[in-house]
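Scroll down for the structure; my scribbles are underneath it.
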Amino acid sequence: MNTIEKFNDNVMHTYGRYDVVLEKGSERTCVDENGKEYIDFGSGIGTNSLGFCDEDWSEAVCKQVKSIQHTSNYYYTKVQADFAEKLCKATGYSKVFFGNSGAEANECAIKLARKYSFDKYGKGRHNIVTLVNSFHGRTLSTLAATGQDVFHNYFFPFPEGFVYANANDKADLESKLDGACAVMMEFVQGEGGVNCLDKDFVDFVFDICAKKDILVIADEVQTGVGRTGKFLASEHFGVHPDITTLAKGLAGGVPVGACLADEKCAEVLTKGTHGSTFGGNPIACAGGNVVADKVTAPGFLDEVTAKGEYFREKLLALDEVESVSGIGLMIGIKLKTMNAADVAAKALEKGLLILTAKEKVRLLPPLNITYDEIDRGLDILKSILKG
Ligand SMILES: Cc1ncc(COP(=O)(O)O)c(C=O)c1O
């Protein structure tokens with residue numbers, strides 16, 4: 001039985017997968033079981049931030065595996081302390097809670113916001129306002145938080161206390177704030193189609209939330225850790241949310257999630273109120289330390305910005321491209337006539353991994369991609385978009 005048959009016989013069919021078995025990778029290229037090579041413009045949906053098996057990253061992860069792979073959270077580890085310190089320093093937050101995924105990071109943020117409000121005001125002020133077209137994860141609460149009807153199916157009853165406001169609509173948002181303890185949003189909606197929030201709307205949210213003591217939660221699971229050319233996308237907007245969640249690229253491809261809180265709410269989650277067996281796992285933290293060191297090294301983020309601009313310039317020169325959205329190396333491409341899913345399938349055939357988001361082609365290349373790799377990938381994309 002071949003791998004795909006074995007896989008499909010034994011793994012739940014929750015994804016529409018391509019018929020490709022990826023076997024190994026190095027730098028920004030991976031190889032399938034038949035030896036065919038693919039340039040990576042997707043980084044495992046924004047996760048392999050340093051490409052495949054970066055040397056320093058692999059060495060740190062392997063060293064950690066051979067040193068101590070796991071301890072319960074009843075003990076301390078240096079590697080978690082180091083990672084937490086790096087993250088707090090890079091982001092200006094007071095404290096972090098580590099989980100294992102974006103959904104878990106958001107669960108932590110939701111619990112934190114509700115307890116912040118409960119501790120101060122008692123019951124009843126528990127709503128989390130999220131934005132229409134957002135995506136916050138696949139657990140029951142984060143599905144409920146996700147502002148897309150298509151996700152509110154089958155799994156009833158969903159947790160209550162989630163209210164949706166239209167993105168960039170100040171009046172609508174304001175009208176939804178009664179009974180709210182937090183507003184949760186992505187600065188650039190990733191799964192929703194690489195849509196940026198307006199600066200004006202963001203400023204409004206921060207002002208009104210500050211006045212009403214409603215926390216602002218930034219879901220930076222996709223936008224964070226250098227993806228947009230800043231360590232956090234919030235820096236583009238000149239704001240500092242009370243809580244920021246991270247995952248995906250945070251540890252370069254080992255599972256991790258982080259919920260960062262500023263001093264106003266960093267002590268809300270107390271002993272016994274939250275936890276995770278694997279959260280802060282030493283292997284994940286070892287990977288995270290390398291990512292944090294590289295992304296914060298002088299010049300790294302400027303390179304991300306420059307490469308993002310390079311992509312935009314080349315893409316906008318193509319006739320089939322109607323517009324390009326996103327910031328830095330988070331890129332959404334609206335096409336004039338072609339279907340994004342068809343383009344992604346053709347790209348795969350020709351040796352390029354790309355993504356889609358709603359009706360757009362989406363690119364989330366590894367942050368350390370080279371110009372040569374960009375050119376080689378874009379040549380493939382160009383050959384497809386020419387028809
Ligand atoms: C903005 C955002 N939040 C949360 C999630 C969920 O992350 P995970 O799949 O790691 O649970 C995603 C995943 O795509 C995301 O893009």
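Numbering starts at 1 and runs along the sequence shown. Counting starts at 1 for both ligands and their atoms, in listed order. Every heavy atom of this structure was used, including side-chain atoms; hydrogens, water molecules and symmetry mates were not.
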> Do you know which two heavy atoms are closest between Ser49 and Gly252, and how far apart they sit?
Replying inline: OG-CA, 3.7 Å
> Who's touching ligand 1 if we go heavy atoms under 4.0 Å?
Replying inline: Ser101, Gly102, Ala103, Asn106, Phe135, His136, Gly137, Glu186, Glu191, Asp219, Val221, Gln222, Lys248
> So, Asp213 and Lys264, do they make that salt bridge, N to O below 4.0 Å?
Replying inline: yes
> Can you list the residues that meet the side chain to side chain contact (heavy atoms under 4.5 Å, CB included) rule with Tyr310, with sequence neighbours excluded?
Replying inline: Lys314, Tyr371, Ile374, Asp375
Listing, residues 227-235 side-chain donor-acceptor contacts under 3.5 Å, not counting sequence neighbours, or none:
residue : atom : partner : partner atom : Å
Arg227  : NH1  : Leu329  : O            : 2.8
Arg227  : NH1  : Pro365  : O            : 2.7
Arg227  : NH2  : Ser43   : OG           : 3.4
Arg227  : NH2  : Pro365  : O            : 3.1
Thr228  : OG1  : His236  : NE2          : 3.0
Glu235  : OE2  : Phe231  : N            : 3.4
Glu235  : OE2  : Leu232  : N            : 2.8

> Who pairs with Asp178 by side chain to side chain donor-acceptor pair (under 3.5 Å), at least two apart in sequence or on another chain?
Replying inline: none
> Judged by modelled atom types alone, do Gln148 and Lys358 share a side-chain donor-acceptor pair under 3.5 Å?
Replying inline: yes
